[in-house]
Protein chains: 4
Amino acid sequence: MVEVRAVRTEDKAGWQRLYEGYHLFYERPDLPQAFFDQAFERLIDRKPGDFHGLVAEADGQLLGLTHYVFHPHMWRPEGVCYLQDLFTSDEARGRGVGRALIEAVYAAADAEGAPSVYWLTQEFNYAGRMLYDRVGTRTPFIRYNRPA
Amino acid sequence: MVEVRAVRTEDKAGWQRLYEGYHLFYERPDLPQAFFDQAFERLIDRKPGDFHGLVAEADGQLLGLTHYVFHPHMWRPEGVCYLQDLFTSDEARGRGVGRALIEAVYAAADAEGAPSVYWLTQEFNYAGRMLYDRVGTRTPFIRYNRPA
Amino acid sequence: MVEVRAVRTEDKAGWQRLYEGYHLFYERPDLPQAFFDQAFERLIDRKPGDFHGLVAEADGQLLGLTHYVFHPHMWRPEGVCYLQDLFTSDEARGRGVGRALIEAVYAAADAEGAPSVYWLTQEFNYAGRMLYDRVGTRTPFIRYNRPA
Amino acid sequence: MVEVRAVRTEDKAGWQRLYEGYHLFYERPDLPQAFFDQAFERLIDRKPGDFHGLVAEADGQLLGLTHYVFHPHMWRPEGVCYLQDLFTSDEARGRGVGRALIEAVYAAADAEGAPSVYWLTQEFNYAGRMLYDRVGTRTPFIRYNRPA
């Protein structure tokens, strides 16, 4: 059985392995250790308004992670929940880990009183979108960035 | 000349006319007056972490508005700037008002030390995208929502 | 008034000016004269199964062109009509020339007994799509090419 | 080993099973037998300019099909090849059948002297696009239809 729970201090190694996989997916290899140290510290020593981290665990092994944050929204006074990072390991495939993580964020958003949850994904993230089409609703919104 | 500046208490009527236009664009007519009262109050009596509002003014008339917020980001410790709302009136067309508003948000993000700015727009918002392609960079990211 | 009619031998100069504009839009400047000679000859001396050409004329001036072809279709024994090229001059703007050309292709397809008409356009052809959304239906189909 | 070859009269039953699967994918169940009879006859008793059919066979079993046609093109006097239908059975998965079929069309297009090949697919055909991104090039072209 897969359990989804808040990330804990003793998860550091397993969490980092997953988060490295996530950044490899976005072609960001070779991030320094300090990057992971600081990111993990934010999740553990959580300041008001900062990110929450969840991990999926089965048989003592971490199979996936998600990081989400609540931020203000002009039309929704209660704010919204932005699910920024989601990753599952190869071993997790077909075990419902991605879905369990997203649904845990939904539950956390309900508990926070800000049930509106959204995330962004690359149009060509086919494997991800196979899941997202089942647990979410595609919108016609696309993202623009300030030029680098 | 068009001036972009922070929204002020005396802008209420002109700001509301623009923000009604914005919501009409997204097919949300008939929003109650309380909606506009609360939104405006948030912009004026700004709490830490909440939205900033800018307006574009020429000859004593408000021609456009934008609302943006800074929120945490997992990979960028300094956070990012989300430009949520942007609207210009019909009279503003061709006067560079939309560009001036976006560039004012860029400047505000620089001043905040969180220079990364992004926004979302519907794929079929052709008029908007004509501008966004000039001042921003389209990304392959699309938005998914939690089902209503 | 704008008249849409089959291209004629005496249209060569006006047609070429438009077709050059079309290819400039797709960033193909400097096509050789032989290209235009051969393309025009195909439209005039039309072989069975080859392209049809229409032009839009007002006050003795050509304001737009379209080229279309019928080709077999596996699920529609009567075949389908592919509207490949469409272009209107700057002077034509706001006069309904694009719409008139597309509707003339619809009529030609009806006359041919192959009423199904389609065309392809770049996702970011905003000006074109403003028209296409009114006279056509966007589909979720995207085009893949054999690599060059 | 998978062999790709032209469809033959004796393939009727196996071909129809595959083509029914293809139409189910596009949510067209219950096509009449006459539809399949006529489509198959076109592939066998091929008239000039009409569709070609290929099947992929292994161990006496048909695992996939493709139908393609050459049609005129305004900018390419030699014409282009439109790969309209492509389907592989569940048993074919992971055996390179889809790729083999597409590459056989490439070879046929070369032999015809019209090497430009294209196809259309739904933006959300994730499984198909995983293959298409490897054997083809995504373009920014989207399809519009005449309204039904």
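Chain A is the first sequence line, chain B the second, and so forth, proteins listed ahead of strands; every chain is numbered from 1.
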Between [X] and chain D, with a heavy-atom cut-off of 4.5 Å, which part of the residue counts as in contact: side chain, backbone, both or neither?
X	answer
C:V69	side chain
C:R129	both
C:L31	neither
C:N125	neither
C:Y22	side chain
C:F70	neither
C:Y26	side chain

>> So which residue, C:T121, C:D133, C:L120, ends up with the most heavy-atom pairs under 4.5 Å with chain D?
In response: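 Max contact count across the listed options: C:T121.
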>> Let's test your reading of the structure: which of D:E123, D:Q122, D:H67, D:H23 forms the most heavy-atom pairs below 4.5 Å with chain C?
In response: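 Highest number of heavy-atom pairs under 4.5 Å: D:Q122.
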>> Just to verify, what does D:D30 make a salt bridge (Lys or Arg N to Asp or Glu O under 4.0 Å) with, not counting sequence neighbours?
In response: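 Scan of D:D30 (salt bridge (Lys or Arg N to Asp or Glu O under 4.0 Å), adjacent residues dropped) gives none.
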> How would you list, in number order, the residues of residues 134-148 of chain D that have a heavy atom less than 4.5 Å from chain C?
Replying inline: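 So the qualifying residues are D:V135, D:G136, D:T137, D:R138, D:T139, D:P140, D:F141, D:I142, D:R143, D:Y144, D:N145, D:R146, D:P147.
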>> Using a 4.5 Å heavy-atom cutoff, which residues in residues 86-114 of chain D come close to chain C?
In response: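 If one takes a 4.5 Å heavy-atom cut-off, the residues of residues 86-114 of chain D near chain C are D:Y106, D:A109, D:D110.
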> With sequence neighbours left out, which residue pairs that include part of residues 69-79 of chain C fulfil the side-chain hydrogen bond (donor to acceptor under 3.5 Å, both in side chains) condition?
Replying inline: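 Only C:H71-C:Y118, C:H73-D:Q84, C:W75-D:Y19, C:W75-D:D85 qualify under side-chain hydrogen bond (donor to acceptor under 3.5 Å, both in side chains).
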> Closest heavy-atom contact between D:P72 and C:G49?
Replying inline: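 Reported closest heavy-atom pair: CG-O, 3.3 Å.
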> Hey, what do you get for CD (D:Q38) to CE (C:M74), rounding to the nearest 0.5 Å?
Replying inline: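 Taking CD in D:Q38 and CE in C:M74, the distance rounds to 11.0 Å.
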